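Notes follow the structure.
Treat the numbers as computed from the prediction; the structure is a model and nothing was measured. To find a chain, count down the sequence lines: A is the first, B the second, and so on, and within it residues start at 1.
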There are 2 protein chains.
Amino acid sequence: MGRTGTAPTRASRRSTGWTQDPQGVRRNIIDAARAEFVENGLSGARVDEIAARTATSKRMIYYYFGDKEGLYRAVLEEMYERIRSVERGLDLASLAPEEAMARLTAFTFDYHAGNPDFVRLVMVENIHHARHLETSDKIANLNLSVLDAIRDIYDRGVAEGLFRPGIEPLDVHLTISALSFYNVSNRASIRQVFGQDMGAEPLLSRRRTLAVEAVLRLLKA
Amino acid sequence: MGRTGTAPTRASRRSTGWTQDPQGVRRNIIDAARAEFVENGLSGARVDEIAARTATSKRMIYYYFGDKEGLYRAVLEEMYERIRSVERGLDLASLAPEEAMARLTAFTFDYHAGNPDFVRLVMVENIHHARHLETSDKIANLNLSVLDAIRDIYDRGVAEGLFRPGIEPLDVHLTISALSFYNVSNRASIRQVFGQDMGAEPLLSRRRTLAVEAVLRLLKA
DNA sequence: GACCAATTGAACTAGTCAGTACATTTATCA
DNA sequence: TGATAAATGTACTGACTAGTTCAATTGGTC
């Protein structure tokens, strides 16, 4: 099987070289752990299985992350950090309100569709009542910035008479998220009950278009 | 703690009386199991814990359900059957299209909000790739009938010129479900990240209203 | 090249948990 | 009432699994 695609980051060490590359090992473990947690949840995941997916040993997992929950928390944080960096790529403030809202929705939809691992981890975390998000401060700021972006777009839209007033940014965000999340989170049961694969192409584009339309129509004056 | 509210169904036995009431025991076990599975997922649930929640013993669980998965499957089926019976209470065919669609959406929203156990079990099942739904034929028919109801309403709406044509019933259903499901399934992480409790009243009504509006506006010509 | 801290390997363990063995009770029916 | 089947209680076990022990190695520093 080989290692999970994480080339050791030789640079970014203290000052001199370092061939043992603990950062690479950490990273390698997190990647393996994410795969296992995504596949089997927190309780279902087996530390030995994670170790097997790794280029290193179980011993290292405990050395770097303390225990299973510590590893899980590290996986969660790494994932949220990744989103933050991707999200910065959007430049919504410079777009017309309608265009900006459409792009945000489409982006969110695509991100969910393209990263089912993220969706499944969030599901797992919610099953556990999000009690591992409690400890992480890294996460709160991130999502609040989404609300700021939405508020900016929405306020401009209202000012131009395009959007109707009186809607909360949080409601816009929840609507977008719901329409993006559900197809991915419930893909298995949808396939089982309706015989349709929401991850395959004809349906995917259709849902994407409808998601954007739903959000815009909900906001239009 | 006492038993979980399931009074033994004395009647409905073969022909004569029967004081041992195995039906009641079965039911009692299923109730206890649902609570445990909802709380901890399939892998996280402990059979001994389920037994402890029961008025009977672990021995009975294996006697009636074979193994842990068999019990889980029984809980799933019982839950879907319950929905089916509730769903029959709606009389949508006699309502005007717009009114019917609004009522269906509001009903679906309320059902999800009022039955978080259902939502969490569906999450659990999706984490496990819905592989336990495979065996159950009981479930397929049920949800397909929802599509029929939607198609009826939608077609009438299109015929009257109220709704725009070209939308699939499945898309309507997915939109309604997404907007109803997400608030409940992700309640914990939403509270953690935004500090808002989607289960509490001011927000709940707001989301309900917006869900209905979103669906209607999506369909309107 | 000796000393130190970071890093790693292999085997082990204590506890947990799904599932079982076996005996016993309860009701049915002839 | 006695034979038969359904239902149940107690105690146990074998496998699994998170986490550990203890020693060894590696690279850097002086």
Could you note down all residue pairs passing side chain to side chain donor-acceptor pair (under 3.5 Å) where residues 106-119 of chain A supplies at least one of them, sequence neighbours left out?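 Qualifying pairs, neighbours excluded: A/Asp110-A/Arg208.
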Strand-adjacent residues in residues 45-52 of chain B, judged by heavy atoms under 4.0 Å from DNA chain D: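 Residues of residues 45-52 of chain B under 4.0 Å from DNA chain D: none.
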What residues, two or more places apart in sequence or in another chain, satisfy salt bridge (Lys or Arg N to Asp or Glu O under 4.0 Å) together with [X]?
{"X": "B/Arg82", "value": "B/Glu78"}
{"X": "A/Arg187", "value": "A/Asp197"}
{"X": "A/Arg120", "value": "none"}
{"X": "B/Arg206", "value": "A/Asp171"}

Please list every donor-acceptor pair under 3.5 Å in which a side-chain atom of residues 86-94 of chain A meets a protein atom from a residue at least two apart or in another chain.
| from | atom 1 | to | atom 2 | distance (Å) |
| --- | --- | --- | --- | --- |
| A/Asp91 | OD2 | A/Ser94 | OG | 2.8 |

Do the side-chain N or O atoms of [X] get closer than 4.0 angstrom to the phosphate oxygens (OP1, OP2) of [N]?
{"X": "A/Tyr64", "N": "C/dT8", "result": "yes"}
{"X": "A/Thr56", "N": "C/dG9", "result": "yes"}
{"X": "B/Ser57", "N": "D/dT8", "result": "no"}

Between [N] ([atom2]) and [X] ([atom1]): distance, integer Å:
{"X": "B/Ile29", "N": "D/dA7", "atom1": "CD1", "atom2": "P", "answer": "12 Å"}
{"X": "B/Leu71", "N": "C/dG19", "atom1": "CG", "atom2": "P", "answer": "10 Å"}
{"X": "B/Glu69", "N": "C/dC17", "atom1": "CD", "atom2": "C1'", "answer": "15 Å"}
{"X": "B/Ile61", "N": "D/dG9", "atom1": "CD1", "atom2": "P", "answer": "12 Å"}
{"X": "A/Phe65", "N": "D/dT20", "atom1": "CZ", "atom2": "C1'", "answer": "18 Å"}
{"X": "A/Lys68", "N": "D/dT20", "atom1": "NZ", "atom2": "C1'", "answer": "17 Å"}
{"X": "A/Met60", "N": "D/dT25", "atom1": "CE", "atom2": "P", "answer": "15 Å"}
{"X": "A/Arg27", "N": "C/dT7", "atom1": "CZ", "atom2": "C1'", "answer": "20 Å"}

A/Asn186: partners by side chain to side chain contact (heavy atoms under 4.5 Å, CB included), with sequence neighbours left out: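 A/Asn186: side chain to side chain contact (heavy atoms under 4.5 Å, CB included) contacts with A/Tyr182, A/Ser189, A/Ile190, B/Val122, B/Asn126, B/Phe181.
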Under 3.5 Å, is there a donor on one side chain and an acceptor on the other for A/Thr175 and B/Arg207?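 A donor-acceptor contact under 3.5 Å links the two side chains.
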Ignoring hydrogens and angles, state whether a donor on the side chain of B/His129 or B/Glu134 is under 3.5 Å from an acceptor on the partner side chain.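 Looking only at side-chain atoms, B/Glu134 and B/His129 do not form any donor-acceptor pair under 3.5 Å.
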What pairs of nitrogen or oxygen atoms, one from the protein and one from nucleotides 20-23 of chain C, lie under 3.5 Å apart?
| from | atom 1 | to | atom 2 | distance (Å) |
| --- | --- | --- | --- | --- |
| C/dA21 | N6 | B/Arg59 | NE | 3.4 |

